[in-house]
Amino acid sequence: SSPDSDSSKPELEKAGLLNKTKISEGGRKLRKNWNQSWVVLTPSSWKPGNSRPESSVDLRGAQLEFADCLSSKKNVFKLRTVTGNEFLLQSETDSLVREWYNTIQGAGKPSGQR
Ligand code: I3P
């Protein structure tokens, strides 16, 4: 194994800029407020050290679907958590959105099903 796989360090799986808006909270519809966000995907064992996430989302059991019909923007997908919170995520870069979709899709499943 490489020096990078030092188990004392949290393993960062993916990070980048995406446009994000929350569209519902516990099943209740919210008014869209698109913002560019720095999105970091981390293992569930991860604990914030010096970084202070503005918000975090538990992806276990989350459902994803492409949802261009829910926005005037292109490359939009919807993330729905088991608690009924819904987010739209978007980027102008098609390939980037597909990468995030696939990575989040894998992260929300039990490891045997990825
Ligand atoms: C919303 C804003 C959003 C837009 C949304 C509008 O207006 O323009 O960007 O979503 O469309 O309602 P406001 O700023 O007055 O709240 P998209 O960019 O995703 O299209 P929607 O109501 O059709 O979702």
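From a predicted model like this one, the values you see are computed outputs, not experimental measurements.
Residue pairs satisfying the salt bridge (Lys or Arg N to Asp or Glu O under 4.0 Å) criterion with at least one member in residues 32-43, sequence neighbours excluded, are absent. Residue pairs that meet the side-chain hydrogen bond (donor to acceptor under 3.5 Å, both in side chains) test with at least one member in residues 48-62, sequence neighbours left out, are D58-R60.
Annotation: side chain to side chain donor-acceptor pair (under 3.5 Å) contacts of T93 (sequence neighbours excluded): none. Judged as a side chain to side chain donor-acceptor pair (under 3.5 Å), and not counting sequence neighbours, N85 has no contacts.
Here the closest heavy-atom approach between residue A15 and residue W38 is recorded as CB-CZ2, 3.7 Å.
From T81, atom OG1 reaches atom NZ of K22 across 8.0 Å, with rounding to the nearest 0.5 Å. With rounding to the nearest 0.5 angstrom, the OG atom of S37 is 8.0 Å from the CG atom of L18.
Two residues are said to be in side-chain contact when any heavy atoms from C-beta on lie closer than 4.5 Å; N19 and T21 fail this criterion. With a 4.5 Å cut-off on side-chain heavy atoms, F87 and I23 do not count as touching.
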Less than 3.5 Å apart, which donor and acceptor atoms pair up between the side chains of residues 96-109 and the rest of the protein, not counting sequence neighbours?
| from | atom 1 | to | atom 2 | distance (Å) |
| --- | --- | --- | --- | --- |
| E99 | OE1 | K14 | NZ | 2.8 |
| N102 | ND2 | R98 | O | 3.2 |
| T103 | OG1 | E99 | O | 2.8 |

Identify all side-chain donor-acceptor contacts of residues 63-80 below 3.5 Å with residues at least two apart in sequence or on another chain.
| from | atom 1 | to | atom 2 | distance (Å) |
| --- | --- | --- | --- | --- |
| D68 | OD1 | N75 | N | 3.2 |
| D68 | OD1 | V76 | N | 2.9 |
| S71 | OG | K73 | N | 2.9 |
| K74 | NZ | E92 | O | 3.4 |
| N75 | ND2 | S91 | O | 2.9 |
| N75 | ND2 | E92 | O | 3.2 |
| N75 | ND2 | D94 | OD1 | 3.3 |
| K78 | NZ | E86 | OE2 | 3.0 |

